[in-house]
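The structure appears right after this line, and notes come after that.
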2 protein chains.
Amino acid sequence: MENLREMFQIMTRRFGLLDKNCCSVGGFDISIIHSHILYEIDNQHNPSMQQVAEALGTDITTFSRQVQSLVKMNLVKKTPLPEDKRVYILSLTTEGKFVATTIDQQMNTYLNDVFSHMNEFEKETVIRSIKLLNEAMVKTNNCCAIPLR
Amino acid sequence: MENLREMFQIMTRRFGLLDKNCCSVGGFDISIIHSHILYEIDNQHNPSMQQVAEALGTDITTFSRQVQSLVKMNLVKKTPLPEDKRVYILSLTTEGKFVATTIDQQMNTYLNDVFSHMNEFEKETVIRSIKLLNEAMVKTNNCCAIPLR
DNA sequence: GAAATTTATTTGCAAATTACAAGTATTTAT
DNA sequence: ATAAATACTTGTAATTTGCAAATAAATTTC
């Protein structure tokens, strides 16, 4: 049987490079961490700092500062939660939403480009497989005897 | 049609976390960059600095320093190439080979764990799909109007 | 075949990123 | 009312980053 790790290493490295080089939007040159934060804020429903940091597996103190810089760039807004004033709710500004959407489009363009090298059946198969993988990974939550989060 | 980017974002983030938390070997606590360098040296045939840095998409100056620290840890060896004395060939020391192999095993263990939540058919399908993806990505070499390497 | 150009790698430096520990402010439990 | 827990921020110090410039060896040019 083929080496599983090798296949995954190659695949994730390629997507990692894509992520890293993607994307500059307008004047902004968005780093990979920033792009992931924007993505996560956009996809969660009124998330708190903790929730986003947790989803990204980022240390909360590092995250705090990254968010500060995104706020300075006017891409993210922090709103205190009235019911619990310790908590800040994160949201995208109009500009932040624009940047997030543009990155999303660029990523989807690249992915469609990749799939253009497959026939319709292969494409369906691959998409179904990614879903299966994601489901299976949810059920598997530790590696190397260290809790994953 | 489902959002391609979302699926891939989730998948690559999960593997990214795995990679990040994997693995501590013996006394060594191996960072993700170090683990990738060890992997790549192990998989290429007598690679030069440039070749490994290029494969990893790492800036050569950063790479130079990372390799220096791996040499200090006695995991990597730099051998000048006789035919071209500008070039250093990288190889793993016995200890480095051990660390690389152990990481590989831990990653494979995790991946097998993931696949244990699928039936045989699903597993075959997913593995075939990753191969298809890797082949398709080779044929697609730019994103976001920036050359990927 | 010496001088100029290119290539592979290293260092200087300054900025960005990290994470631990300790701090503030608010909420919940006792 | 006091103590403990929670959400987030700041101090600080180490690590990581990448650009520019340096070195050293090979190749090209005249």
Side-chain angles (χ1 to χ4, degrees), chain A residues 16-17 19-21 24 28-38 40-41 44-73 75-91 146-149, chain B residues 16-17 19-21 24 28-38 40-41 44-73 75-91 146-149:
Chain A
L17 285 175
D19 231 13
K20 192 162 137 193
N21 296 339
S24 87
F28 296 101
D29 215 355
I30 302 297
S31 76
I32 199 171
I33 316 112
H34 286 171
S35 117
H36 282 196
I37 294 176
L38 295 178
E40 205 55 36
I41 294 176
Q44 288 192 30
H45 176 66
N46 293 336
S48 70
M49 304 264 300
Q50 294 250 11
Q51 286 170 325
V52 179
E54 157 98 4
L56 297 176
T58 310
D59 184 272
I60 185 72
T61 70
T62 302
F63 183 77
S64 172
R65 280 181 249 246
Q66 293 291 358
V67 168
Q68 283 172 37
S69 74
L70 285 167
V71 169
K72 265 197 204 112
M73 293 161 84
L75 299 177
V76 167
K77 201 176 137 203
K78 280 166 67 176
T79 312
L81 184 69
E83 308 90 283
D84 187 339
K85 290 178 199 157
R86 291 169 305 179
V87 177
Y88 284 98
I89 297 301
L90 299 176
S91 57
I146 299 162
L148 200 50
R149 53 180 68 187
Chain B
L17 285 174
D19 232 12
K20 193 163 135 191
N21 297 340
S24 87
F28 296 101
D29 215 355
I30 301 296
S31 75
I32 198 171
I33 316 112
H34 286 172
S35 116
H36 283 196
I37 294 175
L38 295 178
E40 204 56 35
I41 294 175
Q44 288 192 30
H45 177 67
N46 292 337
S48 70
M49 303 265 301
Q50 293 251 12
Q51 285 170 326
V52 178
E54 156 100 5
L56 297 175
T58 310
D59 184 272
I60 185 74
T61 71
T62 302
F63 183 77
S64 171
R65 280 181 250 246
Q66 293 292 357
V67 168
Q68 283 171 39
S69 74
L70 285 168
V71 169
K72 265 198 204 109
M73 292 161 83
L75 299 177
V76 167
K77 200 176 139 207
K78 280 166 69 178
T79 312
L81 185 68
E83 309 90 283
D84 186 340
K85 290 179 199 156
R86 291 169 305 177
V87 177
Y88 283 98
I89 297 300
L90 299 176
S91 57
I146 300 162
L148 201 50
R149 51 181 69 184

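Just so we're on the same page: letters track the sequence lines, and every chain starts at 1.
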When the distance from NE2 of B/H34 to C1' of D/dT16 is rounded to whole Å, what number comes out?
-> 10 Å
Please round to the nearest 0.5 Å and tell me the distance separating atom OG1 of B/T58 and atom CZ of B/R65.
-> 13.5 Å
When rounded to whole Å, the CD1 to P distance for the pair B/I37 and D/dT16 reads 10 Å
Between atom CG of B/L75 and atom OG of B/S35, what is the distance when rounded to the nearest 0.5 Å?
-> 11.5 Å
Measure the distance from CD1 on A/I32 to P on D/dT16 and round it to the nearest whole Å.
-> 17 Å
Straight-line distance of A/L70 CG to A/I37 CD1, nearest 0.5 Å | 5.5 Å
B/S91 vs B/K77 side-chain heavy atoms within contact, under 4.5 Å = yes
With sequence neighbours excluded, residues passing side-chain hydrogen bond (donor to acceptor under 3.5 Å, both in side chains) with B/R86 = B/D84
Take atom NZ of B/K72 and atom P of D/dT15, then tell me their distance rounded to the nearest Å.
-> 11 Å
By side chain to side chain contact (heavy atoms under 4.5 Å, CB included), which residues pair with A/N46, not counting sequence neighbours?
-> A/I89
Sorted by chain and number, sequence neighbours left out, side chain to side chain contact (heavy atoms under 4.5 Å, CB included) with A/K20 holds for A/I32
Sorted by position of nearest nucleotide on DNA chain C, 5' first, the leading residue of A/S69 and A/P82 is A/S69
With sequence neighbours left out, write down each residue that passes side chain to side chain contact (heavy atoms under 4.5 Å, CB included) with B/K78, or none if nothing qualifies.
-> B/M49, B/V67, B/V71, B/Y88, B/L90
D/dT27 P sits how many Å from B/E83 CD, rounded?
-> 11 Å
Using chain A heavy atoms and a threshold of under 4.0 Å, write down where along DNA chain C the contacts begin and end, 5' to 3'.
-> C/dT17 to C/dT27
Grab the N/O contacts between the protein and nucleotides 5-9 of chain D below 3.5 Å, and write none if there aren't any.
{"unit_1": "D/dT6", "atom_1": "O4'", "unit_2": "A/R86", "atom_2": "NH1", "d": "3.4"}
{"unit_1": "D/dT6", "atom_1": "O2", "unit_2": "A/R86", "atom_2": "NH1", "d": "2.8"}
{"unit_1": "D/dA7", "atom_1": "OP2", "unit_2": "A/Q50", "atom_2": "NE2", "d": "3.4"}
{"unit_1": "D/dA7", "atom_1": "O3'", "unit_2": "A/R86", "atom_2": "O", "d": "3.4"}
{"unit_1": "D/dC8", "atom_1": "OP1", "unit_2": "A/M49", "atom_2": "N", "d": "3.4"}
{"unit_1": "D/dC8", "atom_1": "OP1", "unit_2": "A/Y88", "atom_2": "N", "d": "3.0"}
{"unit_1": "D/dC8", "atom_1": "OP1", "unit_2": "A/Y88", "atom_2": "O", "d": "3.4"}
{"unit_1": "D/dC8", "atom_1": "OP2", "unit_2": "A/Q50", "atom_2": "N", "d": "2.9"}
{"unit_1": "D/dT9", "atom_1": "OP1", "unit_2": "A/K78", "atom_2": "NZ", "d": "2.1"}
{"unit_1": "D/dT9", "atom_1": "OP2", "unit_2": "A/S64", "atom_2": "OG", "d": "2.7"}

